[in-house]
Amino acid sequence: MALQLRIYVPPHPLIKHWLSVARDVNTPSAIFRSAMTELGRWLTYEAVRDWLPILETTVQTPLAECPATYVNPQVPLAVIPILRAGLALMEGIQSVVPLTSVYHLGMVRNEETLECSCYLNKLPPAFDPQTRVLVSEPMLATGGTIMATMEELTKRGVDPELTRIISIVAAPPALQRLSVAYPQLKVYTAIIDETVNDNGFIVPGLGDAGDRTFGTHEG
Ligand SMILES: O=P(O)(O)OC[C@H]1O[C@H](OP(=O)(O)OP(=O)(O)O)[C@H](O)[C@@H]1O
Ligand SMILES: O=c1cc[nH]c(=O)[nH]1
Ligand SMILES: [Mg+2]
């Protein structure tokens, strides 16, 4: 069977609740950040089910020995936040997977051309091929940013099969580009919206996630 990009939209009331708070134009920046933290937490909880490496052993309770399952500390775990907006999910992501290495990638879109460029790259020269990778990228719009990110990761040895994208709002153009180039990937998102407008914004979306997180929007 041919591989196909999997997009998970967990049907969880907490995810729906915090997405609605984040979408609301009247939500102030401080509450928007709380909503992003909660969305990062619950989407990561869903994403790591079949992603965290485990170790089967035994444990001695006060009464008897019994089977035990632990998270395997030998297998490297990495989170890649795409600045700026990806930082908003980090508190939630790290509450679920505290023992990960964090490698920052700063990407910004040109507001006219919508082309993205990289202004900060803290990726290591190479990843262990066993590394489990979570990419924190809340907005998948035209897909330029996530495609550039995946290129930087895969050329350093990251296996798309072991990679999960934690997103909040995903749009068809980005999902189509990912599905052609990286069918082994899994995307966890709070919602799939219908369109991206001529200015590159997801509609209905939630506006500019970076500006709303950091209180930098005008007006
Ligand atoms: O799929 P795309 O069309 O590439 O758009 C998605 C990117 O756009 C936004 O970044 P932005 O350039 O606004 O930077 P910011 O996060 O610093 O605000 C958003 O945070 C994503 O990274
Ligand atoms: O709607 C969008 C699209 C890209 N980036 C954002 O922050 N919001
Ligand atoms: Mg922005």
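Numbering of ligands and ligand atoms starts at 1, following listing order.
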Taking 4.0 angstrom as the limit and counting only heavy atoms of [X], give me the atoms of ligand 2 inside it, by number and element.
| X | answer |
| --- | --- |
| Gly200 | 3 (C), 4 (C) |
| Gly207 | 1 (O), 2 (C), 6 (C), 7 (O), 8 (N) |
| Ala209 | 6 (C), 7 (O) |
| Ala141 | 3 (C), 4 (C) |
| Ile202 | 1 (O), 2 (C), 3 (C) |

Decide yes or no for [X] and [Y]: does some side-chain heavy atom of the first lie under 4.5 Å from some side-chain heavy atom of the second?
| X | Y | value |
| --- | --- | --- |
| Leu162 | Val158 | no |
| Ile168 | Leu206 | yes |
| Leu185 | Met150 | yes |
| Met139 | Phe201 | no |
| Val75 | Leu52 | no |
| Thr149 | Glu137 | no |

Which residue and atom name correspond to the protein heavy atom nearest [atom], and how close is it?
| atom | result |
| --- | --- |
| atom 12 (O) of ligand 1 | Arg109 N, 2.8 Å |
| atom 18 (O) of ligand 1 | Arg84 NH2, 3.0 Å |
| atom 20 (O) of ligand 1 | Ala85 CB, 3.3 Å |
| atom 6 (C) of ligand 1 | Met139 O, 3.2 Å |
| atom 14 (O) of ligand 1 | Met107 O, 3.9 Å |
| atom 7 (C) of ligand 1 | Thr145 OG1, 3.5 Å |

Side chain, backbone, both or neither: which part of [X] has a heavy atom under 4.0 Å from ligand 1?
| X | result |
| --- | --- |
| Asp208 | side chain |
| Ala174 | neither |
| Ala209 | neither |

State whether the number of non-hydrogen atoms from other residues, nucleotides or ligands found under 6.0 Å of [X] atom [atom1] is greater than 12.
| X | atom1 | answer |
| --- | --- | --- |
| Glu151 | CD | no |
| Phe127 | CZ | yes |
| Glu65 | CD | yes |

Query raised in the report: Just checking, is any N or O donor in the side chain of Ser29 or Arg33 under 3.5 Å from an acceptor N or O on the other one?
Result: yes
Mind listing the closest non-hydrogen atom pair of [X] and [Y] along with its distance?
| X | Y | result |
| --- | --- | --- |
| Met107 | Cys116 | SD-SG, 4.2 Å |
| Gly143 | Arg177 | C-NH1, 3.7 Å |
| Ser95 | Arg41 | OG-NH1, 2.8 Å |

Query raised in the report: Does atom 3 (O) of ligand 1 have a protein heavy-atom neighbour under 4.0 Å away?
Result: yes
Query raised in the report: Does the protein place any heavy atom closer than 4.0 Å to atom 9 (C) of ligand 1?
Result: no
Query raised in the report: Would you say Asp211 reaches the Mg ion (ligand 3) with an N/O/S atom under 2.8 Å?
Result: no
Look only at interatomic distance and state if [X] has a nitrogen or oxygen under 3.5 Å from any nitrogen or oxygen of ligand 1.
| X | value |
| --- | --- |
| Glu137 | yes |
| Ile82 | no |
| Asp211 | no |
| Val108 | no |

**Report entry** Sub-4.0 Å atoms of ligand 1 with respect to non-hydrogen atoms of Gly144
**Finding:** 1 (O), 4 (O)
Query raised in the report: Which atoms of ligand 1 are found less than 4.0 Å from any heavy atom of Gly210?
Result: 18 (O)
Query - 4.0 Å heavy-atom contact, Gly143 with ligand 1 - result: yes
Requested in this report: Could you label the plane-to-plane angle of the Tyr8 and Tyr188 rings as parallel, tilted or perpendicular, counting under 30° as parallel and over 60° as perpendicular?
Outcome: parallel
**Report entry** Arg109 to ligand 2, any heavy atom closer than 4.0 Å
**Finding:** yes
Query raised in the report: Are Asp50 and Arg164 ion-paired here, with the side-chain N under 4.0 Å from a carboxylate O?
Result: yes
